[in-house]
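Here's the structure we're looking at; comments come further down.
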Amino acid sequence: QKLGAVPTGDLQLVLNELEAGAAQGARQADLQQFLFLSSRELANAVARAGDDIGILSQQIQQIRSILTHQSTLARSGPVIEAVSLPELVAAAAATLPAPLRALLVIQVDESVHQLGAVSLERILVQQVFQNLLLNAAESVRDAGHGANAMRVSCGVVRGEQEPQLEVCFTDSGAGIPAEDLTRIFEKGYSTKKSFNNSGIGLHWCANTLGALGGRLSVESAGAGHGATFRVLLPMRRPVSTPVSQAA
């Protein structure tokens, strides 16, 4: 669509007229100026299309990883891997479309960097993170705001049977009205425009975390006051990593 919007037909007409030598004086100058401006527009369109192709390539690779993961899961169950949480957040953010990614200033708290390696179901957790970042960016876009901050922090909290890893995604965006908080994880329920939303993102995230032995919750002081999504997962450390409990 971007490349199709470039006036290549007009460019060809201008080139034909200049090559024929029929344009003189002011007419020739106007045609040369049009040719200059159109060539710059074409170059910019090609560059933007190249960026989009790069994003598509990343997303195709992610789809391949998900399909491979699902095949492995069907044969032998969940694949637990040792991962770095900052790298997982970065990988999730990298898969967002560029216009939406530009709407979030992602601030990774020092607590995330200090956590060290943890063992978890990398593919599924990355998809959950991606959905949460995407949801926040779409909320900012639909509210018509400029870029908003998204702070990612973490900690180890006490669970009923074992310690749990808590990862918090806190944004300063549009917030969530009280009447939506109780239904936000329902299948098919969404506050977004129907033509631009599937209604399964947060529902899928909540179900997926539940299947992994975790939980997804949300807090918001209301419209205009931002929101915090809390991801809880069983706390596991790689065998070679010393365990250090946090209060």
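Keep in mind that the numbers below use all heavy atoms, side chains included, and drop hydrogens, waters and symmetry copies.
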- Message: Using every non-hydrogen atom in the two residues, find where Gly213 and Gln164 come nearest and quote the distance to one decimal.
- Response: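 The pair with the smallest heavy-atom distance is O-NE2, 3.9 Å.
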
- Item | Thr95 side chain to Ala92 backbone, donor-acceptor under 3.5 Å |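 At least one qualifying donor-acceptor pair exists.
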
- Query: Would you find a donor on one side and an acceptor on the other, under 3.5 Å apart, between the side chain of Ser220 and the backbone of Ala227?
  - Reply: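 The answer is no, because no donor-acceptor pair under 3.5 Å joins these two groups.
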
Any side-chain heavy atom of [X] within less than 4.5 Å of one from [Y]?
| X | Y | result |
| --- | --- | --- |
| Arg230 | Arg215 | no |
| Thr170 | Met150 | no |
| Leu37 | Glu41 | no |
| Leu35 | Leu11 | yes |
| Val231 | Glu166 | no |
| Leu120 | Leu212 | no |
| Gln127 | Trp204 | yes |
| His113 | Ser111 | no |

- Would you say the side-chain atoms of Glu219 and Thr228 include a donor-acceptor pair closer than 3.5 Å?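 Absent: no donor and acceptor within the cut-off.
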
- Donor + acceptor pair across side chains of Gln12, Asn16 (<3.5 Å):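 There is such a pair (donor and acceptor under 3.5 Å, judged by atom type) between the side chains of Gln12 and Asn16.
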
Output the distance between atom [atom1] ([X]) and atom [atom2] ([Y]), rounded to the nearest 0.5 Å.
| X | Y | atom1 | atom2 | value |
| --- | --- | --- | --- | --- |
| Leu233 | Cys154 | CG | SG | 11.5 Å |
| Phe185 | Ser217 | CZ | OG | 6.5 Å |
| Phe34 | Asp10 | CZ | CG | 4.5 Å |

Side-chain donor/acceptor pairs under 3.5 Å, residues 98-107, sequence neighbours excluded:
from, atom 1, to, atom 2, distance (Å)
Arg101, NH1, Leu96, O, 2.7

I'd like a table of donor-acceptor pairs (distance under 3.5 Å, sequence neighbours excluded) in which one partner is a side-chain atom from residues 80-88, with atom names and distances.
from, atom 1, to, atom 2, distance (Å)
Glu81, OE1, Arg122, NE, 3.1
Glu81, OE2, Arg122, NE, 3.4

- Task: Check the pair Glu17, Gln28 against side chain to side chain contact (heavy atoms under 4.5 Å, CB included), reporting the backbone distance first and the verdict last.
- Result: CA-CA 9 Å; Glu17 187 171 344; Gln28 185 180 38; over 6 Å; no

- Item | side-chain contact (heavy atoms from CB on, under 4.5 Å) partner of Asn135, chosen from Leu202, Val140, Ile184 |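 Of the listed residues Leu202, Val140, Ile184, the side-chain contact (heavy atoms from CB on, under 4.5 Å) partner of Asn135 is Leu202.
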
